[in-house]
Undergrad: 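What follows is a structure written as structure tokens; I'll ask about it next.
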Amino acid sequence: MATNSQANVTRILLADDHAILRAGLKLLLDAQPDLNVVGEASNGARALALAEDLLPDLILLDLTMPGLGGLEVLRTIKEVAPSSRVLVLTMHEDESHLRQALALGAAGYVLKKAVDSELLNAIRAVMRGEVYVHSAMMEKLLNLEANEPASVTPTESGGNPWDALSKREADVLRLVALGYTNTEIADQLALSVKTVETYRARGMEKLGLSTRAQLVRDALARGLLDEQ
């Protein structure tokens, strides 16, 4: 039986094809009293298999791996490990990879050049239910392309469009932005999955948004993901 201290430890699966990087990460993470690496994968297929077997609290996921890449893993990870959060650790600094990762349900995005302390902060923030984006990527996240619908939709009065949402719609959309699935939101708010889907669709329509990535940007810009 797990002790109280063991129960508070975040179990982490490392998924990266560079063995030296994995070894360094394992040393860093295992040195923390609240973190423990429980598995390592060098490719996406192995990451999915271990995620299903180990059900880790957190998956530290590289986007570029041989065979099944990180984005493909993100597309299916909730099917095999629905309770696992995913923090992307990558060398890719372009907005396209960032937006795809967030849209596919990643709870955070950190660059491999991050100092040790930032990675640890990112892991703990994600485990608190926050969305964490590397500081170097934040400006790119909020800097929308000209041909993309604006993430902030003004109301007729020029105010905050979130004010037009019902409390339930706002609650649901905030949890969506934080990376929760419809099923997890239904459990947390004591609603049916169908009701969650209705609130989600209606709220997104009111905000004028069409993707989770847009929702995350909008919520981050308004400071809505900092509230506990």
Undergrad: Indicate the atoms forming the closest heavy-atom contact of Asp16 with His18, along with that distance.
TA: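 Of all heavy-atom pairs spanning Asp16 and His18, the closest is OD1-N, 2.8 Å.
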Undergrad: Show your reasoning for whether side-chain contact (heavy atoms from CB on, under 4.5 Å) applies to Leu215 and Val176.
TA: CA-CA 8 Å; Leu215 176 64; Val176 170; 3.7 Å; yes
Undergrad: Can you sort out the partners of Ser192 under side chain to side chain donor-acceptor pair (under 3.5 Å), two or more places apart, ordered by chain and number?
TA: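 Side chain to side chain donor-acceptor pair (under 3.5 Å) check on Ser192 returns Thr195.
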Undergrad: To the closest 0.5 Å, what do you measure between CG (Asn8) and OG1 (Thr10)?
TA: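 Going from CG on Asn8 over to OG1 on Thr10, the span is 8.5 Å.
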Undergrad: Keeping to residues at least two apart or across chains, list the side-chain hydrogen bond (donor to acceptor under 3.5 Å, both in side chains) pairs with something in residues 73-88.
TA: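 side-chain hydrogen bond (donor to acceptor under 3.5 Å, both in side chains) check on residues 73-88 returns Arg85-Tyr180.
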Undergrad: List for me each residue that meets side chain to side chain donor-acceptor pair (under 3.5 Å) alongside Arg212, sequence neighbours excluded, and say none if there are none.
TA: none
Undergrad: Do Leu87 and Leu58 make a side-chain contact, defined as non-hydrogen atoms from C-beta onward lying under 4.5 Å apart?
TA: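 Answer yes - side chains close enough.
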Undergrad: Under the rule for side chain to side chain contact (heavy atoms under 4.5 Å, CB included), what residues qualify as partners of Thr198, not counting sequence neighbours?
TA: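 Result, side chain to side chain contact (heavy atoms under 4.5 Å, CB included) vs Thr198: Arg202.
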Undergrad: Would you compute the distance between atom CG of Leu173 and atom NZ of Lys206 and round it to the nearest 0.5 angstrom?
TA: 10.0 Å
Undergrad: With a 4.5 Å heavy-atom cut-off, do Leu14 and Leu29 have their side chains touching?
TA: yes
Undergrad: Pick out which of Leu68, Leu61, Leu63 makes a side-chain contact (heavy atoms from CB on, under 4.5 Å) with Met65.
TA: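 Looking at Leu68, Leu61, Leu63, the match for Met65 under the side-chain contact (heavy atoms from CB on, under 4.5 Å) is Leu61.
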Undergrad: Enumerate the side-chain hydrogen bond (donor to acceptor under 3.5 Å, both in side chains) contacts for residues 29-49, please, sequence neighbours excluded, ordered by first and then second residue.
TA: Arg22-Glu40, Lys26-Asp30, Gln32-Arg124, Asp34-Arg124
Undergrad: How far apart are the closest heavy atoms of Ala51 and Pro56, and which atoms are they?
TA: O-CD, 3.6 Å
Undergrad: Would you indicate whether the side-chain heavy atoms of Val216 and Thr211 approach each other to under 4.5 Å?
TA: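 Counting from C-beta outward, Thr211 and Val216 never come under 4.5 Å.
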Undergrad: Got a sec, which pairs hit salt bridge (Lys or Arg N to Asp or Glu O under 4.0 Å) with one end in residues 55-73, sequence neighbours left out?
TA: Asp62-Lys112
Undergrad: Taking only residues two or more places apart in sequence or in another chain, which ones pass side chain to side chain donor-acceptor pair (under 3.5 Å) with Asn182?
TA: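 For Asn182 the side chain to side chain donor-acceptor pair (under 3.5 Å) partners, ignoring immediate neighbours, are Arg200.
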Undergrad: Any ring pair (Phe, Tyr, Trp, His ring centres under 6.0 Å) pairs touching residues 85-108, not counting sequence neighbours?
TA: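 Matches after skipping sequence neighbours: His92-His97.
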Undergrad: Taking only residues two or more places apart in sequence, or in another chain, which ones meet Asp116 in a side chain to side chain donor-acceptor pair (under 3.5 Å)?
TA: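 Result, side chain to side chain donor-acceptor pair (under 3.5 Å) vs Asp116: none returned.
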Undergrad: I'd like to check Glu93 versus Leu111 (side-chain heavy atoms, cut-off strictly below 4.5 Å). Are they in contact?
TA: yes
Undergrad: Which atom pair, heavy atoms only, marks the closest approach of Leu35 to Val9?
TA: C-CG1, 3.8 Å
Undergrad: Quick one: CG on Leu120 to CG on Leu28, what's the gap to the nearest 0.5 Å?
TA: 4.5 Å
Undergrad: Less than 4.5 Å apart, side chain to side chain, heavy atoms only: is that true for Leu60 and Leu25?
TA: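 Sidechains of Leu25 and Leu60: in contact.
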Undergrad: Could you measure the distance from the CZ atom of Arg217 to the CG atom of Leu102? Nearest 0.5 Å is fine.
TA: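 One finds 8.5 Å between CZ of Arg217 and CG of Leu102.
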Undergrad: Does some side-chain heavy atom of Met204 sit less than 4.5 Å from a side-chain heavy atom of Tyr199?
TA: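 Result no, sub-4.5 Å side-chain heavy-atom pair not found.
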Undergrad: Any heavy-atom pair between the side chains of Ile12 and Ile59 that's under 4.5 Å?
TA: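 Side chain of Ile59 against side chain of Ile12, heavy atoms only: no contact under 4.5 Å found.
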Undergrad: Determine the minimum heavy-atom distance between Ala101 and Val88, stating which atoms define it.
TA: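 Reported closest heavy-atom pair: CB-CG2, 4.1 Å.
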Undergrad: For Lys167, check salt bridge (Lys or Arg N to Asp or Glu O under 4.0 Å) against everything at least two apart and list the hits.
TA: Asp171
Undergrad: Quick check on the hydrophobic clustering: are Leu21 and Val37 connected, directly or via other members, by side-chain heavy-atom contacts under 4.5 Å?
TA: yes
Undergrad: So, taking the atom named CZ in Arg99 and the one named CG in Leu104, what distance separates them when rounded to the nearest 0.5 Å?
TA: 12.5 Å
Undergrad: Any idea which heavy atoms bring Ala177 and Val131 closest together, and the distance?
TA: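 Closest heavy-atom pair between Ala177 and Val131: O-CG2, 2.9 Å.
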Undergrad: Rounded to the nearest 0.5 Å, how far does CG of Leu178 lie from CD of Gln188?
TA: 9.0 Å
Undergrad: The criterion is side chain to side chain contact (heavy atoms under 4.5 Å, CB included); which residues satisfy it with Ala170, sequence neighbours excluded?
TA: Trp162, Leu165
Undergrad: Quick one: does Leu98's side chain get under 4.5 Å of Val133's, heavy atoms only?
TA: yes
